[in-house]
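Data first, discussion second: the structure below is written as structure tokens.
A quick note: this is a predicted structure, and the numbers were derived from the prediction, not measured. So you know, we letter chains A, B, ... as the sequences are listed, proteins then strands, and number each from 1.
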Number of protein chains: 2
Amino acid sequence: MFESVTIKDIAKALGVSTSTVSRALNGSYEIGTETKKLVLEYAEKINYRPNPIALSLKEQKSHSIGVVVCEVANDYFSQAINGIESIAYNRGYHVIITQTHESFDRESANVKHLLSRHVDGLLVSLAAQTTDTSQYKYLLDKGFPIVFFDRAAPDLNTHKVVADNFQGSFNGTETLINSGFAKIAHLTNSNNLLISHERFDGYKAALDKHGIELRPEYIKHCNHGGMIQDEVELVLKELMALDDRPEAIFIGSDRLTISSMSILKKWGFKVPGDIAIAGFTNSDVVELFDPPLTVIRQPAFQIGQMATEMLIKTIESKWPVEEFTTEKVDTQLIVRSSSNKA
Amino acid sequence: MFESVTIKDIAKALGVSTSTVSRALNGSYEIGTETKKLVLEYAEKINYRPNPIALSLKEQKSHSIGVVVCEVANDYFSQAINGIESIAYNRGYHVIITQTHESFDRESANVKHLLSRHVDGLLVSLAAQTTDTSQYKYLLDKGFPIVFFDRAAPDLNTHKVVADNFQGSFNGTETLINSGFAKIAHLTNSNNLLISHERFDGYKAALDKHGIELRPEYIKHCNHGGMIQDEVELVLKELMALDDRPEAIFIGSDRLTISSMSILKKWGFKVPGDIAIAGFTNSDVVELFDPPLTVIRQPAFQIGQMATEMLIKTIESKWPVEEFTTEKVDTQLIVRSSSNKA
DNA sequence: CTGAAAGCGCTAACAC
DNA sequence: GTGTTAGCGCTTTCAG
């Protein structure tokens, strides 16, 4: 089970050559039915398992895929990883997870590290601080398989799996509007991220539809994606100190939604009395919050699965893949009381 | 960066043999200072990275460690994995994560799978349904490195990193007693798990200390660790339908704490008015719950780190390790209002 | 001090 | 239908 049997052991035991064993094991045509049966039975009996490392060396593939995310301890990403793992496992790939903590340097180092480990492909969700995607471009140009999920690079031509951020954001914002709010702020992730733009656009479109003017002072970004508590506190303070303070906030990031709630409550603001809230998050427990949160939820598990399937297909493709698709999946709006007018 | 340079390329370019290059790269003594410098500089220049797969084949080590947990999308485990990853990454190991979903069969298959991938060691937290630990015994007897964390097998002699479950449970239960409750139920994970016993013991000790009699009908187990919603609902229903209904519940599992809250609220029970609650969980957002939860929190990140350090030390030990330690780390009690008398 | 060669486990020409 | 052999990238005797 642990000290493994090799093809050689089988060959010796059966008095045949290693290539015969190899052929039998791989179901080759050019082999005697008798010999084949013999080998297969013996292999089964001694519980032979091919050495994946030797295979990798030979085939120049590692049967592993690298994952780059900002952090594991985040509901969205842990659910996505769950999806990734479920597909990868079935397809005989293993998954190497790395975390950027939203830093470009860590991201870059992680990619290098994964490459030096000869992963067969990469599943990437960009860090909030990343603006330079040239390393991905370089790899893609060489035909290296990369699939982006959630946080994709707009200018790179490859497979992507993303949520319908525009629509999700639109729906969330409109929920606040329908509650009777007009002064709605928007707190979101770094401007570097495409998802931030899309979510901003959705927010803006909802305001537009209802004839509400956009106010620049109501738009706030956290460039560290909420990893730095002080940054979040700062922008919230600015928002709440405004002469014409917003009555509601639509939040465009999982982490920010949770931490904003926490900070606002800490400061003694009543939600939704003083300030109503709705935002993106994949946490399943927000229904237990006081107040229960109105959220936009993404199908993280499926996104992980889809991205992995696309990646493995690309990896195993006989021909260089030139046609890339962007899968856009629907988000889910769950209305609870945090978005109500008091 | 992606199509890698080999030792051979360097040898050819410099007009030396591959063994010379290898020696230079590995800082061997038996090599000319000149040659060494030349090789090192050239390798640096063309950004040479050794092929880890070839190394693995040669050394018969994969520089990877396998992780077996019930699920990733769980606050405790995602935090622990974060810790595992942080150490492993620095030590040049990569981490392969597998999930049991609390099933023994999945656990067993995962271990086999990891072994066939030639991981150098295993980091295991047992599934709720596991009773048979013979496969670990078999491996340990052969000297294969395994470190258990959180959910350890009591009868196996190897390194373990666990929380002080007894004390944590004692503290949590005593908090409820101090709030003025005497009718305190205990809802916990499968009896198969050692942690369930330890947490039960802590619960019992707290009752004992305060002269409260233990009632068998107040003790409930979920053998699927909360993975099956119906199971949790069933035992809660039994508890709440008791003639002499408990006034409080102390819950011995992360997942159960959250899902009990959710179910009880769904059924319209006031917490803590109708039923007070305290329990183990590593969720950071329970302070935002209605009511904020009184919890026992484990240092999951550190537990992950410690376990990984112990494992790597064992893997890299020159001599068979015979002396095993069990590290017990303190839990943290955070009292909030869910445990109050109304 | 350096080169040649074997070998880690496996596959795939190439012989016979 | 089966055996022999080279080679994937690297380390490590063994010669010299």
Within the pair Asn51(B) and dC8(D), is there a side-chain N or O less than 4.0 Å away from OP1 or OP2? no

May I ask you to verify if any side-chain N or O of Gln60(B) is less than 4.0 angstrom from the OP1 or OP2 atom of dG7(C)? no

Nearest-nucleotide check on DNA chain C, Lys58(B) vs Ser17(B); residue mapping nearer the 5' end is Ser17(B)

Write down the distance between CD1 (Ile10(A)) and C1' (dT11(C)), rounded to a whole number of angstrom. 15 Å

Please give, in whole Å, the distance from dC10(C) C1' to His118(B) NE2? 12 Å

NA contact type, Thr6(B), heavy-atom cut-off 4.0 Å: base, sugar-phosphate, or nothing? sugar-phosphate

To the nearest angstrom, how far is Leu25(A) atom CG from dT2(D) atom C1'? 15 Å

OP1 or OP2 of dG9(C) versus the side-chain N and O atoms of Tyr48(A): is any pair under 4.0 Å? no

Exactly one of Thr130(B), Thr133(B), Thr100(B) should register a side chain to side chain donor-acceptor pair (under 3.5 Å) with Glu107(B). Which one does? Thr130(B)

Examine the base of dG3(C) for any acceptor or donor lying under 3.5 Å from a partner atom in the side chain of Arg23(B), and report the outcome as yes or no. yes

At what distance, to the nearest 0.5 angstrom, does NZ of Lys112(A) lie from OG1 of Thr98(A)? 13.0 Å

Heavy atoms under 4.0 Å, any strand shown: does Tyr29(B) hit a base, just sugar-phosphate, or nothing? nothing

Nearest whole angstrom, please: distance from the P of dA12(C) to the CD of Glu59(A). 8 Å

Ile7(A) CD1 to dC8(C) P, in whole Å, measures 13 Å

Lys8(B) side chain near dG7(D) phosphate (N/O to OP1/OP2, under 4.0 Å): no

Taking the side chain of Ser19(A) as its heavy atoms from C-beta onward, which of dC8(C), dC10(C), dG3(D) lies nearest to it? dG3(D)

Report the distance from atom CZ of Arg49(B) to atom P of dC10(D), rounded to the nearest whole Å. 12 Å

Look at the side-chain N and O atoms of Ser22(B) and state whether any lies under 4.0 Å from the OP1 or OP2 oxygen of dT11(D). yes

Looking for any heavy atom pair under 4.0 Å, which part of the strands does Thr35(A) touch: base, sugar-phosphate only, or nothing? sugar-phosphate

Would you call the rings of Phe77(B) and Phe149(B) parallel, tilted or perpendicular, where under 30° means parallel and over 60° means perpendicular? perpendicular

Return yes if some donor-acceptor pair links the side-chain N/O of Lys160(B) with the main-chain N/O of Phe324(B) below 3.5 Å, else return no. no

Between Lys12(A) (NZ) and dG3(D) (C1'), how many Å, whole number? 17 Å

In whole Å, what is the span from the NZ atom of Lys36(B) to the C1' atom of dC1(C)? 13 Å

For Lys61(B), does the NZ atom sit with more than 12 other heavy atoms under 6.0 Å from it, leaving out its own atoms? yes

